[in-house]
Amino acid sequence: MIEPVGERRDFHVLTPPRAAWPRWLGRRLTDADLRHDGNAFTLLRCGLAAAVIYTHAIGMTGGTDPLRAVLPFAVSRLAVLLFFTLSGLMVTASFLRRGVGEFVVARALRIVPGLWVMLAATTVVLGLGFSDVPPSDFFTPVNLAGYVGRNLTLTGGGAYRLAGVFTGNVAPEVNRSLWSIPQEVHCYLTLVVVGIAGVLTRRRLLLAGFVALVGVALTPRGAAVAFLPLAVSFYAGVVVYLWRDRMVLSWPLAAMAVAGGLALPAGAAAQTGCALAFAYAAVVAATVLPAGVKHWAGRMPDYSYGIYIYAFPVQQAVIALGRTTTAAANIAASLAIVVPLAALSWHFVEQPALALKRASPRRATA
């Protein structure tokens with residue numbers, strides 16, 4: 001997942017002296033890069049959400065992704081990992097600014113309202129329009145306990161099906177994309193623990209812990225733990241924020257990092273290396289764009305969350321209706337439906353919820 005952050009004005013900015021750096025290699029990250037109009041993080045997140053649609057469209061239509069010959073994982077997996085990195089970068093600022101209580105409230109207001117409305121809407125529409133079972137059997141606690149109950153409470157557990165829905169599709173699932181949202185919440189909880197322990201104010205200690213986390217993820221046992229790669233990507237963002245005064249934005253370094261990650265042998269090393277390399281490249285891409293593009297991106301509405309949570313059921317519905325048979329057609333038809341749904345979610349659910357957060361008193365922390 002990918003849960004979009006929406007807290008771009010919450011950066012707790014440092015202004016340390018900056019060492020000289022060769023102009024041809026890049027430039028240092030500046031305070032201006034972390035302002036709401038100093039980057040294209042919202043635009044990048046929308047692009048990542050579209051990348052998830054790309055992978056799902058190929059799988060739903062029985063195709064083969066040509067990019068798998070280059071990447072050690074699916075494009076959708078890479079997109080989720082990059083979402084986690086951006087999330088770690090941005091919510092760390094929120095935690096340091098708000099403190100534990102307000103941070104938890106802010107995260108809940110960002111995730112829960114949009115998720116709950118989506119669950120209610122998709123359940124009703126799919127139950128009445130796509131299920132093979134009668135409504136009296138569909139709208140029962142037993143049938144809804146998995147998809148609605150487990151995802152409503154963010155407990156996860158692979159509950160992505162509803163009785164009689166999409167039974168003729170390649171995979172009869174309602175919304176597999178929801179798997180990442182509980183994992184994102186788990187990352188937030190670990191950040192709260194780390195913050196309460198005072199580690200966020202001791203960045204060398206945090207960096208050492210991150211290096212140890214990467215080391216564990218590279219071991220055979222660590223590679224078998226599904227949460228670890230997500231945690232590595234999330235804390236990569238935390239490290240970038242805490243060490244932002246030393247961060248270098250360099251296209252040559254980003255290109256070399258990506259090339260190095262792709263050259264690693266298959267397995268945990270390639271997956272971890274590519275995740276970190278592309279994370280760095282994503283931060284570079286979002287911050288070194290022309291000022292006009294970043295200013296425009298800073299003003300655009302954040303439809304990324306809505307695109308992410310509505311795309312899968314819409315793609316499945318389009319296939320069930322027999323409207324598309326190829327991945328390209330599915331992507332085009334799905335985006336034509338998903339983007340308006342994401343706009344409705346943002347303007348009538350997510351943004352009003354964020355307004356409640358902004359209206360609450362804020363506490364500054366040391």
According to a 4.5 Å side-chain heavy-atom criterion applied to Ile, Leu, Val, Met, Phe, Trp and Tyr, with indirect links allowed, do [X] and [Y] form part of one hydrophobic cluster?
| X | Y | answer |
| --- | --- | --- |
| Val133 | Val148 | yes |
| Leu89 | Val185 | yes |
| Leu71 | Val52 | yes |

Within the structure provided, determine whether [X] and [Y] are in side-chain contact (heavy-atom separation under 4.5 Å).
| X | Y | answer |
| --- | --- | --- |
| Tyr305 | Trp346 | no |
| Val75 | Ile58 | no |
| Thr272 | Val214 | yes |
| Leu115 | Leu154 | yes |
| Leu162 | Leu144 | yes |
| Leu191 | Leu200 | yes |
| Val238 | Phe234 | yes |
| Ile196 | Val100 | yes |

Exercise for the section: Walk me through it: do Thr123 and Phe138 pass the test side chain to side chain contact (heavy atoms under 4.5 Å, CB included)? Expected result: CA-CA 10 Å; Thr123 300; Phe138 181 89; 4.0 Å; yes
[X] side-chain N/O to [Y] backbone N/O, donor-acceptor pair under 3.5 Å:
| X | Y | answer |
| --- | --- | --- |
| Thr122 | Leu119 | yes |
| Thr190 | Cys187 | yes |
| Thr219 | Val216 | yes |
| Asn330 | Thr326 | no |
| Ser87 | Phe83 | no |
| Trp243 | Arg203 | yes |
| Tyr241 | Met90 | no |
| Arg107 | Tyr188 | no |
| Arg27 | Leu249 | no |
| Gln316 | Ala171 | yes |

Would [X] and [Y] count as having a side-chain donor-acceptor pair, cut-off 3.5 Å?
| X | Y | answer |
| --- | --- | --- |
| Asp132 | Thr167 | yes |
| Tyr308 | Ser180 | yes |
| Thr140 | Asn143 | no |
| Ser334 | Gln315 | no |

Handout entry: Step-by-step side chain to side chain contact (heavy atoms under 4.5 Å, CB included) determination, Leu253 to Val284
Key = CA-CA 10 Å; Leu253 290 180; Val284 172; over 6 Å; no
Supply the atom-to-atom distance [X] [atom1] to [Y] [atom2], rounded to the nearest 0.5 angstrom.
| X | Y | atom1 | atom2 | result |
| --- | --- | --- | --- | --- |
| Met247 | Leu34 | CE | CG | 10.0 Å |
| Asp65 | Ser76 | CG | OG | 8.5 Å |
| Asp137 | Ser131 | CG | OG | 9.0 Å |
| Thr92 | Arg97 | OG1 | CZ | 15.0 Å |
| Leu213 | Leu228 | CG | CG | 6.0 Å |

Counting only heavy atoms not in [X], do more than 12 sit closer than 6.0 Å to its [atom1] atom?
| X | atom1 | result |
| --- | --- | --- |
| Phe227 | CZ | yes |
| Arg150 | CZ | yes |
| Trp116 | CH2 | no |

Problem - Contacts of type ring-ring contact (aromatic ring centres under 6.0 Å, His included), residue His295, not counting sequence neighbours - result: none
Fill in the blank from the handout: residues 46-68 vs ring pair (Phe, Tyr, Trp, His ring centres under 6.0 Å), sequence neighbours excluded, gives His56-Phe312
Exercise for the section: Can you tell me which residue pairs pass the ring pair (Phe, Tyr, Trp, His ring centres under 6.0 Å) test with a partner in residues 151-170, sequence neighbours excluded? Expected result: Phe130-Phe166
Exercise for the section: Under the side chain to side chain donor-acceptor pair (under 3.5 Å) rule, collect the residues that match up with Thr153, sequence neighbours excluded. Expected result: Thr155
Practice task
Verify the ring-centre separation between Tyr303 and His347: is it less than 6.0 angstrom?
Solution key: yes
Exercise for the section: Could you tell me whether Tyr235 and Phe210 have their ring centroids closer than 6.0 angstrom? Expected result: no
Looking at every non-hydrogen atom in both residues, tell me the closest pair between [X] and [Y] and how far apart they are.
| X | Y | result |
| --- | --- | --- |
| Ala57 | Thr61 | O-OG1, 2.7 Å |
| Ala270 | Ala266 | CB-CA, 4.1 Å |
| Leu218 | Ala268 | CD2-O, 3.7 Å |
| Gly114 | Ser345 | CA-OG, 4.5 Å |
| Val318 | Ala333 | CG1-CB, 4.1 Å |
| Leu48 | Ala79 | O-CB, 3.5 Å |

Exercise for the section: Start with the C-alpha gap between Arg244 and Asp33, add the side-chain angles, then the distance that decides, and say whether salt bridge (charged side-chain N to carboxylate O under 4.0 Å, His left out) holds. Expected result: CA-CA 10 Å; Arg244 59 198 181 280; Asp33 294 318; over 6 Å; no
Handout entry: Test side-chain contact (heavy atoms from CB on, under 4.5 Å) applied to Phe84 and Leu82, Leu81, Val80, Leu86, the passing residue
Key = Val80
Exercise for the section: Determine, for Asp37 against Lys294, whether the closest basic-nitrogen to carboxylate-oxygen distance falls under 4.0 angstrom. Expected result: no
Handout entry: Leu262 and Phe278: CA distance, side-chain angles, deciding distance, side chain to side chain contact (heavy atoms under 4.5 Å, CB included) verdict
Key = CA-CA 10 Å; Leu262 294 175; Phe278 276 97; 4.2 Å; yes
Problem - Leu242 vs Thr201, side chain to side chain contact (heavy atoms under 4.5 Å, CB included): CA-CA, chis, key distance, verdict - result: CA-CA 8 Å; Leu242 294 181; Thr201 58; over 6 Å; no
Handout entry: Cation-aromatic face contact Arg77/Phe73, 6.0 Å, 45 degrees
Key = no
Exercise for the section: Assess Arg98 against Phe103: is NZ or CZ under 6.0 Å from the centre of the six-membered ring, and within 45 degrees of the ring's axis? Expected result: no
Practice task
Taking salt bridge (charged side-chain N to carboxylate O under 4.0 Å, His left out) as the test, write out the residues that go with Arg161, two or more places apart.
Solution key: none
Practice task
List, by chain and number, the other hydrophobic cluster members for Leu289, where Ile, Leu, Val, Met, Phe, Trp and Tyr join if side-chain heavy atoms come within less than 4.5 Å, directly or indirectly.
Solution key: Val293
